[in-house]
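Here the structure comes first, spelled out in structure tokens, and everything after it is commentary.
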Amino acid sequence: MIDIKLLRENPEKVKKGITAKKFDRRLVDEFLESDGKWRELVKKVEELRAEQKKLSGKRDIEAGKKNKELIREIEAKIAEVEKIREAAHLKIPNMPSDDTPIGDSEEDNKVLRKVGEPRKFDFEPKDHLALGESLGIINSESAGKISGARFAYLMGDAVRLEFALVQYAFETLTNPETIKAIAEFVQSGHSAKLFIPVVPPAMIKPAVFERMARLEPKEERYHLAQDDLYLIGSAEHTLGPLHMDETILEEKLPIRYVGFSTNFRREAGSYGKDTKGILRLHQFDKLELESFSLPENSVAEQNFFVAIQEYLIKGLGIPYQVVSICAGDMGGPDAKQIDVEAWMPGQNKYRETHTADLMTDYQSRRLGTKLKRKNGKTEFVHMNDATAFAIGRTIIAILENYQTKDGKIEVPKVLQKYVGKKIIG
RNA sequence: GGUGGGGUGGCUGAGUGGUCGAAAGCGCCUGACUCGAAAUCAGGUAUGCCCGAAAGGGCAUCGUGAGUUCGAAUCUCACCCCCACCGCCA
């Protein structure tokens with residue numbers, strides 16, 4: 001939810017932001033109109049309730065009864081207006097940050113930097129599926145028979161790679177020296193608080209999903225009708241509400257988590273897109289960063305997350321580019337979105353492997369996650385979430401970038417001790 | 001799944017129809033004492049919303065929602081969650 005004060009005091013600014021995000025600007029007027037009515041009615045009913053208190057203090061039963069009827073009448077009206085007001089408020093997205101590129105689609109995203117030279121092959125590089133199948137570590141065919149399209153079996157060394165990535169990330173994110181160096185690199189004095197590893201629930205209640213502003217698009221979610229629960233599409237979905245309806249003391253911030261989870265996505269609307277291999281599956285494992293921070297530090301926190309992503313992927317020796325996502329292409333709750341895209345020789349292009357979202361107070365306002373300042377004032381915390389590793393996609397990047405002429409895979413140096421070998425094949 | 005107990009402020013925890021937005025302790029803030037700190041003492045310390053330039057005033061909130069009542073933390077109903085024990089089970 002965006003700040004009601006901003007809506008009332010600067011509707012033009014909100015309209016501008018909303019339009020940039022390709023939302024209907026009339027939502028703002030809809031909100032303001034119902035908000036005006038709502039305020040009028042609230043004032044009235046509160047006066048009546050004050051009267052009611054006096055009457056009950058005097059034990060004036062008759063007058064109290066009459067007054068009560070009036071109160072009920074107005075309460076009914078308020079409920080009506082409030083429905084419209086709330087609906088409009090919830091639909092209004094977060095405002096894009098000032099440095100977010102304007103644009104409608106992927107084409108308008110801005111490449112901030114490219115790091116690492118794509119490797120020159122002296123043979124025709126294969127794509128990950130061809131490599132994975134011939135090595136017997138990716139099995140799409142059986143998955144198709146057993147579970148359908150967009151499922152896969154990871155086997156053997158692909159599984160070793162998966163858990164190697166998990167260990168590599170956990171080790172990095174809980175290493176005081178590394179985190180301190182990255183934090184200092186981003187901004188002098190930025191908190192070097194370590195990440196708490198989490199395995200969060202993979203199912204979530206609809207109401208909480210809604211409060212995370214992540215239930216929509218619903219057609220993208222798997223719903224378990226029998227228990228009215230949704231499968232998460234990211235660990236973010238159950239990490240974000242971890243401090244729902246809580247007030248956190250200023251000195252406890254930032255709080256940082258790294259969650260491992262299996263994620264479920266219906267991939268509605270992407271029929272025919274990336275249908276081969278493991279780039280876009282209904283089920284995939286991912287390590288996700290989530291943090292709750294002071295508002296004044298949240299921009300640096302996002303940069304910190306991006307720096308961690310770069311550290312991790314650079315450590316693997318995979319070329320990548322960092323992209324600033326334009327207003328029309330980013331998520332509703334985002335104020336700013338930065339993606340890291342890894343070089344994938346099999347497709348001869350960069351593909352998204354990481355994303356870092358700055359939510360400012362948009363989610364925390366819905367979730368009721370607040371902070372209490374040392375001076376006693378409370379406000380909403382700022383939230384950030386980001387990918388540490390989308391494991392499947394990182395495996396793709398490793399297979400394709402590290403393939404040898406005879407179809408084997410060199411294991412990136414930082415992973416060798418976890419995989420237990422230098423060559424797959 | 002069964003039985004029992006319970007959800008109260010940043011935390012612990014009292015309170016079973018009106019004087020309760022709520023005792024007490026912890027924590028936190030301010031002041032005194034101190035060279036300074038600790039300890040001690042005194043005072044302060046929930047949130048949201050509405051009206052107001054402000055001072056201030058008002059309303060709501062004791063898991064959530066509905067209800068009974070002139071009046072609800074306290075009574076009724078539904079739901080959610082937690083704990084204990086039993087059963088079942090990876």
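Lettering follows sequence order; numbering is per chain, from 1.
The partner of A24(B) is U12(B), by the rule that a Watson-Crick or G-U pair needs both atom distances under 3.5 Å. The base-pairing partner of C59(B), taking Watson-Crick or G-U wobble contacts with both distances under 3.5 Å, is G48(B). Summarising the base pairing, A72(B) is matched to no nucleotide, lacking a Watson-Crick or G-U wobble pair whose two defining distances lie under 3.5 Å. Partner assigned to G1(B) is C86(B), using Watson-Crick or G-U wobble distances below 3.5 angstrom. Both distances falling under 3.5 Å, in either a Watson-Crick or a G-U wobble arrangement, place G43(B) opposite C29(B). The partner of A78(B) is U64(B), by the rule that a Watson-Crick or G-U pair needs both atom distances under 3.5 Å. Base pairing analysis places C35(B) opposite nothing; no Watson-Crick or G-U wobble pair with both distances below 3.5 Å involves it.
The closest side-chain donor-acceptor pair between Asn139(A) and Ser142(A) falls under 3.5 angstrom. Side-chain atoms of Lys370(A) and Ser364(A) form no donor-acceptor pair, as typed in the model, at a separation below 3.5 Å. Side chains of Glu236(A) and Tyr257(A): no donor on one and acceptor on the other come within 3.5 Å. A side-chain N or O of Glu310(A) and one of Tyr320(A) form a donor-acceptor pair less than 3.5 Å apart. In summary, the side chains of Glu301(A) and Ser293(A) do not present any donor paired with an acceptor at a separation below 3.5 Å, with no hydrogens or angles considered.
Between Glu250(A) atom CD and C28(B) atom P the separation is 14 Å, expressed in whole Å. Spacing between atom CD of Glu51(A) and atom C1' of C50(B) amounts to 18 Å, rounded to whole angstrom units. Met1(A) places its CE atom 13 Å from the P atom of G48(B), with the value rounded to the nearest Å. Here G57(B) presents its P atom at 15 Å from CD of Glu46(A), a figure rounded to the nearest Å. One interatomic measurement links the two molecules: CE of Met244(A) to C1' of U64(B), which rounds to 11 Å at whole-angstrom precision. G48(B) atom P lies 15 Å from atom CZ of Arg85(A), rounded to whole Å. Atom CD of Glu69(A) is separated from atom P of U68(B) by 12 Å (rounded to the nearest Å). Distance Ile61(A) CD1 to C70(B) C1': 6 Å, rounded to the nearest Å.
For Arg49(A), no side-chain nitrogen or oxygen approaches OP1 or OP2 of U61(B) to under 4.0 Å. Taking side-chain N and O atoms only, Lys68(A) has a distance below 4.0 Å to OP1 or OP2 of G71(B).
Here the separation of G17(B) from G57(B), taken at their P atoms, is 31 Å to the nearest Å. A gap of 31 Å separates the P atoms of C83(B) and A24(B), to the nearest Å. The C1' atoms of U19(B) and C77(B) are separated by 30 Å, rounded to the nearest whole Å. Comparing U61(B) with U68(B), their P atoms are spaced 15 Å from each other, to the whole Å. Spacing of P atoms, A42(B) relative to C33(B), comes out at 16 Å, to the nearest Å. Comparing G71(B) with A60(B), their C1' atoms are spaced 16 Å from each other, to the whole Å. Nucleotides C89(B) and A78(B) are separated by 30 Å at their C1' atoms, to the nearest Å. G15(B) and C88(B): their P atoms are spaced 38 Å apart (whole Å).
Under the 6.0 Å cut-off for aromatic ring centres, Phe292(A) and His382(A) do not qualify, their centroids lying 6.0 Å or more apart.
Using a 4.0 Å heavy-atom cutoff across all strands shown, Gln52(A) reaches sugar-phosphate atoms only and no base atom. Contacts of Lys53(A) with the nucleic acid, taken as non-hydrogen atoms under 4.0 Å apart, involve only primed sugar atoms and P, OP1 or OP2. In this structure, Arg39(A) reaches the sugar-phosphate backbone alone: every heavy-atom distance under 4.0 Å involves primed, P, OP1 or OP2 atoms, never a base.
Among the nucleotides C70(B), C49(B), U68(B), the one closest to any side-chain atom of Arg72(A) is U68(B). Nearest nucleotide to the Lys370(A) side chain, out of G58(B), G48(B), G71(B): G48(B). Checked against G48(B), C50(B), C80(B), the side chain of Arg8(A) finds its nearest nucleotide in C50(B). Distance from the side chain of Lys205(A) is smallest to C80(B) among C80(B), C59(B), C49(B).
Of the residues near RNA chain B, Leu55(A) and Ile4(A), the one whose nearest nucleotide (by heavy atom distance) lies more toward the 5' end is Ile4(A). Map Phe380(A) and Lys65(A) each onto its nearest nucleotide of RNA chain B; the residue landing nearer the 5' end is Phe380(A).
A salt bridge between Asp29(A) and Arg26(A) is absent, with no side-chain N of the basic residue lying under 4.0 Å from a carboxylate O of the acidic one. The pair Glu133(A)-Lys276(A) does not count as a salt bridge, with every side-chain nitrogen at least 4.0 angstrom from each carboxylate oxygen.
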